[in-house]
Amino acid sequence: MVKIRSLSEATGCEILGKLEMHNPGGSAKDRVAKAIIEAAEKKGMIRPHVGDVVFEGTSGSTGISLAMLCRAKGYIAHIVLPDDTSQEKVDLLMKLDAVVHKVRPVGIADKGHYVNYARRSAEAINNDPNDPRRALFANQFENEANWKTHFEHTGPEIYDQCEGDLDVFITGAGTGGTISGVSAFLKGQGVPVTVVLADPPGSGLYNRVKYGVMFDVKEREGTRRRHQVDTLVEGIGINRVTKNFEVGQDLVDDAIRVEDEDSLKMAKFLVDRDGLFVGSSSALNCVAAYRYAKKIGPGHKIVTIICDSGSRHLSKFWKEADQYQDIELSSIPL
């Protein structure tokens with residue numbers, strides 16, 4: 001965990017970033033992938049080094065973590081992802097010898113959605129009496145191993161690193177595992193922490209937290225550029241309540257909507273001022289941390305998640321971010 005100097009000085013708050021991008025697989029999803037695989041092994045659902053396979057539908061980072069761990073633990077990873085996922089993530093998956101399946105981005109109700117494709121593929125293997133392999137559908141959105149690993153590890157780490165003293169925890173939500181697990185642990189320790197959801201355009205979670213309704217104006221027919229979430233930001237934002245998010249949704253106190261332009265500007269600002277080269281969701285988290293710090297005033301300690309580095313986002317998010325030069329925080333609206 002590091003102090004983000006520029007944001008801290010600009011707000012009078014101590015804004016800390018937990019550097020999940022320094023996990024072995026380069027993102028926060030290492031924790032989830034490890035927990036899911038180990039839970040499945042304990043149940044006998046998969047066995048190492050006998051050809052068993054792991055399927056997952058993911059926009060990238062979870063797939064990379066699964067691919068890395070599958071190679072280490074003797075499995076073959078099959079990763080299903082939207083065909084507009086950044087090329088860096090696709091290339092890395094292939095270098096890790098994952099089998100990559102690209103599908104058209106569609107809504108979750110469509111059988112062709114990347115999550116549904118992964119589920120059906122695993123079921124086909126398990127239901128074939130002539131196929132000796134066992135297949136696991138990792139199911140990161142609904143698998144309770146997800147939020148539990150953040151409750152058992154990420155939350156305690158943040159608590160220890162802050163010595164139990166923090167005022168605000170801010171993060172985005174894709175599967176919902178991080179915000180639920182960390183919030184449940186911190187509030188279970190009696191820490192009077194305010195939990196704030198950071199949400200991109202097109203996601204319904206902001207309105208779910210603020211108004212109790214899972215809806216976004218971009219859901220109106222004919223108004224979306226792409227299915228699910230209309231944003232450059234990968235890995236967070238969703239239009240359904242997952243089991244992992246449901247576990248902690250009552251613990252989320254507030255939400256902040258962050259437009260793509262502001263995430264792009266923040267990414268450029270952080271690399272210019274702090275040498276911190278972050279991915280899209282990390283930039284969004286930092287916008288939300290900055291705004292909330294300005295809202296509550298100086299003297300507070302705020303923790304957010306630096307999910308992954310910008311190296312996975314060069315051809316998509318950072319291609320857009322490069323248009324911004326000499327960014328000042330005053331250009332990011334509060």
Side-chain angles (χ1 to χ4, degrees), residues 20 23-81 93 96-101 108 111 113-157 173-185 188 235 238 240-249:
E20 292 293 280
N23 288 333
S27 82
K29 295 300 185 179
D30 284 5
R31 300 176 186 268
V32 177
K34 181 174 182 289
I36 287 173
I37 289 174
E38 289 182 349
E41 288 175 332
K42 288 179 181 178
K43 295 176 182 178
M45 298 171 68
I46 49 174
R47 307 149 300 173
H49 304 293
V50 295
D52 288 351
V53 295
V54 176
F55 282 87
E56 182 59 321
T58 168
S59 62
S61 288
T62 302
I64 292 166
S65 296
L66 281 169
M68 175 191 71
L69 286 161
C70 281
R71 298 308 300 175
K73 294 174 73 65
Y75 301 104
I76 299 170
H78 285 253
I79 306 302
V80 188
L81 42 71
L93 285 167
L96 289 166
D97 287 335
V99 180
V100 177
H101 308 261
I108 187 65
K111 66 178 182 180
H113 186 275
Y114 58 92
V115 171
N116 298 330
Y117 185 108
R119 179 188 293 108
R120 289 199 320 275
S121 298
E123 289 174 348
I125 291 174
N126 290 331
N127 292 334
D128 184 350
N130 297 316
D131 194 328
R133 298 174 298 169
R134 296 179 187 176
L136 171 69
F137 169 47
N139 199 15
Q140 60 171 326
F141 290 91
E142 311 298 329
N143 194 321
E144 67 176 3
N146 183 341
W147 77 265
K148 285 183 176 180
T149 195
H150 293 294
F151 179 85
E152 294 169 357
H153 301 288
T154 317
E157 288 173 20
T175 65
T178 302
I179 198 167
S180 290
V182 172
S183 300
F185 179 83
I238 197 170
R240 68 186 190 276
V241 177
T242 67
K243 287 183 180 178
N244 281 288
F245 186 78
E246 188 176 21
V247 167
Q249 67 177 325

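Along the sequence shown, the residues carry numbers beginning at 1. Note that these values count all heavy atoms, side chains included, but never hydrogens, waters or copies made by symmetry.
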Within the structure provided, determine whether [X] and [Y] are in side-chain contact (heavy-atom separation under 4.5 Å).
| X | Y | value |
| --- | --- | --- |
| N116 | I108 | yes |
| N23 | K29 | no |
| V54 | I46 | yes |
| I37 | L66 | yes |
| D52 | L136 | no |
| L93 | I64 | yes |

Return the minimal non-hydrogen interatomic distance between [X] and [Y], and the atom names on each side.
| X | Y | result |
| --- | --- | --- |
| S121 | F55 | CB-CE2, 3.3 Å |
| A35 | T149 | CB-CB, 3.7 Å |
| G176 | A173 | CA-CB, 4.1 Å |
| N244 | W147 | OD1-N, 3.0 Å |
| S27 | S61 | OG-CB, 3.7 Å |
| E56 | F137 | OE1-CE1, 3.5 Å |

Nearest 0.5 Å, please: how far is [atom2] in [Y] from [atom1] in [X]?
| X | Y | atom1 | atom2 | answer |
| --- | --- | --- | --- | --- |
| H78 | H101 | NE2 | NE2 | 5.0 Å |
| H150 | T178 | NE2 | OG1 | 3.0 Å |
| K111 | R119 | NZ | CZ | 14.0 Å |

- Does the side-chain contact (heavy atoms from CB on, under 4.5 Å) test come out yes or no for I238 and F141, once each step is laid out? CA-CA 10 Å; I238 197 170; F141 290 91; 3.6 Å; yes
- Task: Evaluate the criterion side-chain contact (heavy atoms from CB on, under 4.5 Å) for residue pair V53 and I125; output intermediate values, then yes/no.
- Result: CA-CA 9 Å; V53 295; I125 291 174; 3.7 Å; yes
- Message: Does anything in residues 122-131 form a side chain to side chain donor-acceptor pair (under 3.5 Å)? List the pairs, not counting sequence neighbours.
- Response: D131-R133
Ignoring hydrogens and angles, tell me if any N or O in the side chain of [X] forms a donor-acceptor pair with the backbone of [Y] under 3.5 Å.
| X | Y | result |
| --- | --- | --- |
| D30 | S65 | no |
| N146 | N143 | no |
| T154 | V182 | no |

- Task: State whether a side-chain donor-acceptor pair under 3.5 Å links T62 with Q140.
- Result: yes
- Residues passing the salt bridge (charged side-chain N to carboxylate O under 4.0 Å, His left out) test with E41, sequence neighbours excluded, are K73
- Message: salt bridge (Lys or Arg N to Asp or Glu O under 4.0 Å), that's the test. Do K148 and E144 meet it? Break it down for me.
- Response: CA-CA 6 Å; K148 285 183 176 180; E144 67 176 3; 3.2 Å; yes
- Note on the structure: Residue set satisfying side-chain contact (heavy atoms from CB on, under 4.5 Å) with K243, at least two apart, ordered chain then number -> E142
